2 protein chains.
Amino acid sequence: MTESTPAPGEPRVPGAREIPEATVARLPVYLRALTALADAGTATCSSEELASSTGVNSAKLRKDLSYLGSYGTRGVGYDVAYLRYQIARQIGVTQDWPVVIVGIGNLGHALANYSGFRSRGFRVVALLDADPDRQDEVVAGVDVRPFRDLDRIVREHGVAIGVIATPAVAAQNVADRMVTAGITSILNFAPAVLAVPDGVDVRKVDLSIELQILAYHEQRKTGAATDPDPLAVQGGVA
Amino acid sequence: MTESTPAPGEPRVPGAREIPEATVARLPVYLRALTALADAGTATCSSEELASSTGVNSAKLRKDLSYLGSYGTRGVGYDVAYLRYQIARQIGVTQDWPVVIVGIGNLGHALANYSGFRSRGFRVVALLDADPDRQDEVVAGVDVRPFRDLDRIVREHGVAIGVIATPAVAAQNVADRMVTAGITSILNFAPAVLAVPDGVDVRKVDLSIELQILAYHEQRKTGAATDPDPLAVQGGVA
DNA sequence: AAGAGTTTGTGAACGCAAGCACAAACTCGA
DNA sequence: TCGAGTTTGTGCTTGCGTTCACAAACTCTT
């Protein structure tokens, strides 16, 4: 992904270790498991327990946590509340993150209503849509605003993160406008490759790609491969 | 992920090369780009062109394609239609994949309406929901059926792939029922870790995890880390 | 206080993936 | 036919991520 170059030679933050990308991707999973444990009233847990409830290897879990610091106690395990706070702080979900969502189709609706956002510090400050007919609606308690208001909304609320839930053809234009408005992190649900300047992070979630990966493995399981006959190309794929 | 062990010693399929997981994950991206090129009337393209339109390195693209076979022509490039067919065949999207979706919330609606499924061989044969009030609805031209019909529907349509779009608490039960019914690939949108027997593949898409990864990098960019004071644990994270 | 049992943190080995760089194989013009 | 230009396919190097395995550090019982 578009990693902001850490200025060759000098570390990004003096005391902060560099956390590997693979570890960063797992921290939210640990956070969720710790929250569940805390809600269940559990005060302490071992790396083995936490690992099995998150579906990872316990050695990997311990190595992941070691990048954050030494927050466990040998012979005992981890304090659930303490570890949870430390992970939340590292990820950044102890802060408030104002977010805008662009594109109010089915997916935009689903995202606006998704409770998992609010509970982790993400606050949807506006839903934007280019269609003027939609701008009287209120979805999930948030006003639908015209897309042209993007700049003002970003400025007023200090929005750093934008979500694109538009059709593919509109995605690049939306991304450009977001970047211009000052957004530096984009979560893209549109099936399109976005070009953005350095310093802007883009993560992509593609629903059909995940299904296709499953189909690949499923095909291998059942051994049902299509005829590799090159002549079949004439017909093409539907 | 739960990779079906390829029987130590003997290759899974005699003639088939083993395609690396990282490559499999990119094949759908190439497929989409090739479809766009074909729609635009392009007959031939180089690895450089295809790479830039999919956002990957051209060397990586060529290496990925080399796992499928030698489908390019040196000095010329790749035949768009031919390569597209070969990739589609390898992934398995030249076949028809009947799919069931369980959980008709906002996300279920979005998935049922998503055109990217049908155009790639995925056919939603049923939407299942435990709520009896919803079973008169028709969403995206597909009947909403009671969850208890799962077994029959899977049997009748030969469903191999199931999608879980329920709340987290229901997910494991749904997965168990899916496995019992004969489903061997699950796409899970619920924020829960699923336990499934060997031979069943699970892929997870977690909307809030992606946002949290963005937040982590965003926090690093702005240098706005929260006070690491251990005493703050008393307050905990909201 | 000492030994047995438990669990963390991490050095080291291993394996997969990314990228470089170049020979091989093609086209095209003279 | 030959040489210049283009593009693929791939061996090799490098780096990252995973896993193993064990010393260090803790608790608990006697």
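Letters go in sequence order (proteins before strands), and every chain restarts at 1. This one's a predicted model, so the numbers in the text were calculated from it and none came from an experiment.
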Are the side chain of B:T73 and the backbone N or O of B:V76 linked by a donor-acceptor pair below 3.5 Å? no
Report yes or no: does A:E210 contribute a side-chain atom to a donor-acceptor pair with the main-chain N or O of B:R203 at less than 3.5 Å? no
Can you identify which nucleotide, out of [options], has its nearest atom closest to the [X] side chain?
| X | options | result |
| --- | --- | --- |
| A:Y78 | C:dT8, D:dC20, D:dT27 | C:dT8 |
| A:K63 | C:dG11, C:dA24, C:dT8 | C:dG11 |
| B:P20 | C:dT7, C:dA17, D:dG9 | C:dA17 |

Do B:T94 and B:R89 have side-chain N/O donor and acceptor atoms under 3.5 Å apart? no
Between [X] and [N], does any side-chain N or O lie under 4.0 Å from OP1 or OP2?
| X | N | result |
| --- | --- | --- |
| A:K60 | D:dT19 | yes |
| A:N57 | D:dG17 | no |
| A:S47 | C:dT8 | yes |
| B:R26 | C:dA18 | yes |
| B:T73 | C:dC26 | no |

Check for me whether the distance between the ring centres of A:Y82 and A:Y85 falls short of 6.0 Å. no
Would you say the side chain of A:R74 and the base of C:dT8 hold a donor-acceptor pair, judged only by whether the two atoms sit under 3.5 Å apart? yes
